[in-house]
Amino acid sequence: MNEAKAIEIVHTKIKEVLDEDNKTVSFDENSSLIGSSGILDSLSLVTLCTKLEDEALDLEESFEFDWTSEKAMSNMHSIFRTPKTLAQEFLRQACESK
């Protein structure tokens, strides 16, 4: 997997979550995921993360995506800032699982 594939996976899962919530929101890899200008509320974020967990297990080189780590919960270095930061963490964990 490369960064482009990870971004594609994250974007697809975000779109699925937004569709399930009946929300039409345009976003790109640098959009805010959470916070006052974020595209996701807390429930949608959890839904996204569980979808990413499932996707990680379904990949050819499956791995366990851990979105509950200390790094993920850190405000300053949160993986949930943007779709790109979430994709980078998804990719990092995929690469480390090899």
Side-chain angles (χ1 to χ4, degrees):
M1 181 184 320
N2 59 31
E3 187 172 0
K5 179 64 176 172
I7 289 172
E8 176 187 331
I9 289 169
V10 169
H11 275 241
T12 299
K13 297 305 172 187
I14 291 171
K15 287 177 186 174
E16 287 177 14
V17 169
L18 292 173
D19 286 347
E20 289 170 7
D21 291 346
N22 294 317
K23 293 181 182 173
T24 305
V25 178
S26 63
F27 66 94
D28 62 29
E29 66 183 31
N30 295 310
S31 296
S32 293
L33 282 179
I34 56 176
S36 60
S37 61
I39 59 174
L40 301 175
D41 59 25
S42 57
L43 182 58
S44 297
L45 180 64
V46 171
T47 302
L48 171 62
C49 290
T50 58
K51 286 181 175 290
L52 289 171
E53 283 180 341
D54 292 343
E55 181 69 21
L57 294 173
D58 288 342
L59 292 171
E60 186 175 317
E61 295 177 357
S62 72
F63 68 99
E64 290 188 30
F65 179 60
D66 180 14
W67 54 277
T68 62
S69 70
E70 184 176 320
K71 180 179 180 182
M73 296 304 147
S74 164
N75 286 334
M76 191 168 164
H77 301 291
S78 175
I79 64 172
F80 303 117
R81 286 188 316 270
T82 66
K84 184 175 183 176
T85 58
L86 185 54
Q88 289 169 335
E89 179 63 14
F90 191 82
L91 176 60
R92 183 190 71 75
Q93 290 186 30
C95 291
E96 284 185 0
S97 72
K98 292 180 183 179

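Being a predicted model, the structure only gives us computed values, none of them experimental.
- A donor-acceptor distance shorter than 3.5 angstrom exists from the side chain of Gln93 to the backbone of Asp66, with no hydrogens or angles considered.
- Side-chain atoms of Ser62 never come within 3.5 Å of backbone atoms of Leu59 as a donor-acceptor pair (strictly under, hydrogens ignored).
- Counting only residues at least two apart or in different chains, ring pair (Phe, Tyr, Trp, His ring centres under 6.0 Å) contacts with residues 9-39 comprise His11-Phe27.
- Residues Val10 and Leu52 form a side-chain contact, since some pair of their non-hydrogen atoms from C-beta on lies under 4.5 Å apart.
- In this structure, CZ on Phe65 lies 12.0 Å from OG on Ser97, to the nearest 0.5 angstrom.
- Lys15 and Glu20 are not joined by a salt bridge, as no carboxylate oxygen comes within less than 4.0 angstrom of a charged side-chain nitrogen.
- The line from CD of Glu89 to CH2 of Trp67 is 13.0 Å long, rounded to the nearest 0.5 Å.
- Here the OG1 atom belonging to Thr12 is positioned 11.5 Å from the CD1 atom belonging to Ile7, to the nearest 0.5 angstrom.
- Residues Leu45 and Thr47 are not in side-chain contact: their nearest non-hydrogen atoms beyond the backbone lie 4.5 Å or more apart.
- The side-chain heavy atoms of Leu18 and Leu40, taken from C-beta on, include a pair separated by under 4.5 Å.
- Remark: Lys84 pairs with no residue by the side-chain hydrogen bond (donor to acceptor under 3.5 Å, both in side chains) rule, at least two apart or across chains.
- Remark: Glu64 pairs with no residue by the salt bridge (Lys or Arg N to Asp or Glu O under 4.0 Å) rule, at least two apart or across chains.
- Within the model, atoms CZ of Phe80 and CG of Leu86 stand 6.5 Å from one another, a figure rounded to the nearest 0.5 Å.
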Using atom types as modelled, flag every donor-acceptor pair under 3.5 Å from a side chain in residues 32-39 to any protein atom, sequence neighbours excluded.
none

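- Under the side chain to side chain contact (heavy atoms under 4.5 Å, CB included) criterion, Asn22 pairs with no residue, sequence neighbours left out.
- Residues passing the salt bridge (Lys or Arg N to Asp or Glu O under 4.0 Å) test with Glu55, sequence neighbours excluded: Lys13.
- In terms of the side-chain hydrogen bond (donor to acceptor under 3.5 Å, both in side chains) criterion, residue partners of Ser44 (sequence neighbours excluded) are, by chain and number, Asp21, Asp41.
- Screening residues 29-57 for ring pair (Phe, Tyr, Trp, His ring centres under 6.0 Å) gives no qualifying pairs among residues at least two apart or on separate chains.
- Within the structure, ring pair (Phe, Tyr, Trp, His ring centres under 6.0 Å) contacts touching residues 28-51 (residues at least two apart or in different chains) do not occur.
- Counting non-hydrogen atoms of other residues, nucleotides and ligands closer than 6.0 Å to NZ of Lys5 gives a total of 12 or fewer.
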Inset, instruction - In sequence, state the C-alpha distance, the side-chain angles, and the governing distance for Lys98 and Glu61, and then conclude on side-chain contact (heavy atoms from CB on, under 4.5 Å). - result: CA-CA 8 Å; Lys98 292 180 183 179; Glu61 295 177 357; 3.1 Å; yes
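- Residues passing the side chain to side chain contact (heavy atoms under 4.5 Å, CB included) test with Asp28 are Asn30, Ser31, sequence neighbours excluded.
- Under the rule for a side-chain hydrogen bond (donor to acceptor under 3.5 Å, both in side chains), the partners of Glu96 that lie at least two apart in sequence or sit in another chain are Arg92.
- One distance of note links CZ of Arg81 with CD of Gln88; it measures 8.0 Å at 0.5 Å rounding.
- By the 4.5 Å heavy-atom criterion applied to side chains, Ile14 and Pro83 are counted as neighbours.
- Qualifying side-chain hydrogen bond (donor to acceptor under 3.5 Å, both in side chains) partners for Glu29, counting only residues two or more places apart in sequence or in other chains: none.
- Clustering ILVMFWY residues whenever any of their side-chain heavy atoms sit less than 4.5 angstrom apart, transitively, puts Ile9 in the very cluster that holds Val46.
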